[in-house]
Trainee: 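If you scroll down you'll find the structure; I have some questions about it.
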Amino acid sequence: MRRRSLLIAVPTGLVALAGCGDDESGSSGASDTASPSPSGSASVPAPKIVDGPLPAITAGTKFGEKPTVAKGSGDPSKDLAVKTVIAGSGTTVAENDYIQANYLGQIWDTAKVFDNSYDRKTPLLIQLASGSIIDGWRYGLTGKKTGSRVQLAVPPTWGYGKQGYAEGGIKGTDTLVFVVDLVESFNAKSSAKGTDVAQDNVDLPKVGTNTDGKAPSVEVPKSAASTKLVANYVIEGDGDEVAAENTVLVQYKGVLWDTGKEFDSTYGRKALTSFSLQQVVKGWSQGLTGKKVGSRVLIVVPPDLGYGDSPPAGSEIKKDSTLVFTVDILAKM
């Protein structure tokens, strides 16, 4: 059973709700210990960022290799220590972006490793947003470029606070040391990347192939709606195939077959969304399973695989509606 990542923010008084690695979501979780969840305080001040001290990385020194990190020497800084160990040349990460990253975390005083993604062979996928991740990551990784290896020493104020995180063996006085390999970042302008696929069935909706971050058009035909699930590539990416237990990061737009009216869209909210394929309507879980990361997929969801006679209250969706989606699969975990 995969365990949840502890890097995710942990609101005061709540157990870690691992949006990035819940046991049931199938997403990459932590080991028996802790990773980057937010700390208890919702109003901690922005840290002063300093360049040390930081313990040496003694093995696994290349980007993507599992590092070995020495025990901290002396007292750690009370400020947030951040060092770019390897400078990447990719996209600059901004606050509120989603990042895909490999990482190892350990305790300064003991060098005890409490979490790492390298052994799971699955990078963490998480948003650099307040309430989603510990503030040490949010402040320390913003402004860094993908392809970079960044080392951080995070005092309790910007980690798990005075309460610590007992489940991960982290005390309220522990400074945490992380090595983070920034693999990729995503924001509201991210789109599918791949090869356009012919859309030659006149009885199916036609989806735009623009990849500029703007919502693609969806043209619904006047013919009768499909009574079976349709899940066709519009743009075929070259990433790994999505498995039924994965969590995916997506851009999407949904329209009603009957009217062509949009009822939901990440483009309109200017915010990506991530979710487990085990927590969505069957049409989505079945339609996206087996599709490649980087792709844009047309999904036509008949009522029996959608909301049937129980549509969401207050939505534009009526009973027994056939739903049409365009979905860009940006990443999976």
Side-chain angles (χ1 to χ4, degrees), residues 27 64 88-93 97-101 121-123 125 145-147 182-221 223 225-226 228-255 257 260 262 264-268 270-277 280 283-301 305 322-333:
S27 58
S89 58
T91 304
T92 300
V93 175
D97 283 358
Y98 280 83
I99 60 167
Q100 200 165 36
K121 303 186 186 308
T122 302
L125 179 63
K145 291 186 176 182
T146 55
L182 288 169
V183 178
E184 200 161 355
S185 69
F186 308 91
N187 57 36
K189 295 182 179 180
S190 297
S191 288
K193 298 177 183 178
T195 304
D196 292 0
V197 176
Q199 302 178 69
D200 49 14
N201 188 334
V202 296
D203 293 324
L204 291 178
K206 187 172 184 180
V207 177
T209 56
N210 58 296
T211 56
D212 54 2
K214 297 179 180 178
S217 59
V218 179
E219 299 175 9
V220 181
S223 54
S226 173
K228 295 182 178 180
L229 176 68
V230 175
N232 294 344
Y233 283 122
V234 175
I235 298 172
E236 184 172 356
D238 60 2
D240 293 338
E241 291 185 358
V242 174
E245 68 272 13
N246 283 154
T247 288
V248 291
L249 178 67
V250 299
Q251 289 266 40
Y252 72 90
K253 182 171 82 171
V255 305
W257 182 292
E262 180 181 308
D264 193 16
S265 170
T266 56
Y267 301 96
K270 293 181 169 49
L272 305 178
T273 190
S274 65
F275 50 79
S276 165
L277 289 188
V280 290
W284 268 63
S285 57
Q286 294 178 19
L288 292 181
T289 296
K291 294 297 189 284
K292 298 175 185 176
V293 172
S295 299
R296 176 169 297 165
V297 182
L298 163 69
I299 304 179
V300 179
V301 181
L305 296 178
T322 296
L323 310 178
V324 179
F325 293 95
T326 171
V327 184
D328 283 14
I329 310 170
L330 303 177
K332 75 176 183 74
M333 184 175 70

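For this chain, numbers begin at 1 and follow the sequence in order.
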Trainee: Please step through side chain to side chain contact (heavy atoms under 4.5 Å, CB included) for the pair Val300 and Leu229, ending with a clear verdict.
Mentor: CA-CA 6 Å; Val300 179; Leu229 176 68; over 6 Å; no
Trainee: Side chains of Tyr252 and Asp328: closer than 4.5 Å at any heavy-atom pair?
Mentor: no
Trainee: Show the nearest heavy-atom pair for residues Pro216 and Gly208, with the distance to one decimal.
Mentor: CB-O, 3.5 Å
Trainee: So do Val301 and Thr322 actually touch side chain to side chain, heavy atoms under 4.5 Å?
Mentor: no
Trainee: Under 3.5 Å, side chain of Thr326 to main-chain N/O of Val207, donor-acceptor pair present?
Mentor: no
Trainee: Is the shortest side-chain heavy-atom distance between Ile235 and Thr195 below 4.5 Å?
Mentor: no
Trainee: Is the closest side-chain heavy-atom distance between Trp284 and Val327 below 4.5 Å?
Mentor: yes
Trainee: Minimum heavy-atom separation for Ala188 to Ala271, with atom names?
Mentor: CB-N, 4.2 Å
Trainee: Between the side chain of Asn246 and the main-chain N/O of Val248, is any donor-acceptor distance below 3.5 Å?
Mentor: no
Trainee: State whether the side chain of Ser295 and the backbone N or O of Gly237 hold a donor-acceptor pair below 3.5 Å, judged by distance alone.
Mentor: yes
Trainee: Using 0.5 Å steps for rounding, measure from the OG1 atom of Thr146 to the CD atom of Gln100.
Mentor: 11.0 Å
Trainee: Considering all heavy atoms of both residues, which atom of Ser223 and which atom of Trp257 are nearest to each other, and what is their separation?
Mentor: O-NE1, 3.1 Å
Trainee: Of all the heavy-atom pairs spanning Tyr267 and Gln251, show the shortest one and how long it is.
Mentor: OH-CB, 3.5 Å
Trainee: Check whether any side-chain heavy atom of Val255 sits under 4.5 Å from a side-chain heavy atom of Glu219, and report yes or no.
Mentor: no
Trainee: Can you see which heavy atom on Leu330 is nearest to which on Phe186, and at what distance?
Mentor: O-CE2, 3.4 Å
Trainee: Nearest 0.5 Å, please: how far is OG in Ser276 from NZ in Lys332?
Mentor: 12.5 Å
Trainee: Hey, are the side chains of Lys145 and Leu182 touching, using non-hydrogen atoms and a 4.5 Å cut-off?
Mentor: no
Trainee: Would you compute the distance between atom NZ of Lys189 and atom OG1 of Thr211 and round it to the nearest 0.5 angstrom?
Mentor: 14.0 Å
Trainee: Quick one, Ile329 with Val297, criterion side chain to side chain contact (heavy atoms under 4.5 Å, CB included). Give me CA distance, side-chain angles, the key distance, then yes/no.
Mentor: CA-CA 8 Å; Ile329 310 170; Val297 182; 4.1 Å; yes
Trainee: Mind checking whether Ile299 and Val324 have side chains closer than 4.5 Å, heavy atoms only?
Mentor: no
Trainee: Let me confirm one number: the CD1-OG1 distance from Ile99 to Thr91, rounded to the nearest 0.5 Å.
Mentor: 13.0 Å
Trainee: Output yes when a side-chain donor or acceptor of Arg296 lies under 3.5 Å from a complementary backbone atom of Ser191, and no otherwise.
Mentor: no
Trainee: Tell me whether the guanidinium CZ or amine NZ of Lys291 lies under 6.0 angstrom from the six-membered ring centre of Tyr233 and within 45° of its axis.
Mentor: yes
Trainee: Which heavy atom of Ala244 sits nearest a heavy atom of Thr289, and at what distance?
Mentor: CA-OG1, 3.6 Å
Trainee: Supply the atom-to-atom distance Leu249 CG to Met333 CE, rounded to the nearest 0.5 angstrom.
Mentor: 10.0 Å
Trainee: Please check if the number of heavy atoms outside Asp238 that lie under 6.0 Å from its CG is greater than 12.
Mentor: no
Trainee: Check whether any side-chain N or O of Ser190 sits under 3.5 Å from a backbone N or O of Asn187 as a donor-acceptor pair, and report yes or no.
Mentor: yes
Trainee: Looking only at atom types and distance, does a side-chain atom of Ser226 sit under 3.5 Å from a main-chain N or O of Lys228, one as donor and one as acceptor?
Mentor: yes
Trainee: Could you walk me through whether Val250 and Thr273 satisfy the side chain to side chain contact (heavy atoms under 4.5 Å, CB included) test, starting with their C-alpha distance in whole Å, then the side-chain angles of each, then the deciding distance to 0.1 Å, before giving a yes or no?
Mentor: CA-CA 6 Å; Val250 299; Thr273 190; 3.6 Å; yes
Trainee: Any side-chain heavy-atom pair from Glu245 and Leu277 closer than 4.5 angstrom?
Mentor: no
Trainee: So does Val242 get a backbone contact from the side chain of Lys292, meaning a donor-acceptor N/O pair under 3.5 Å?
Mentor: no
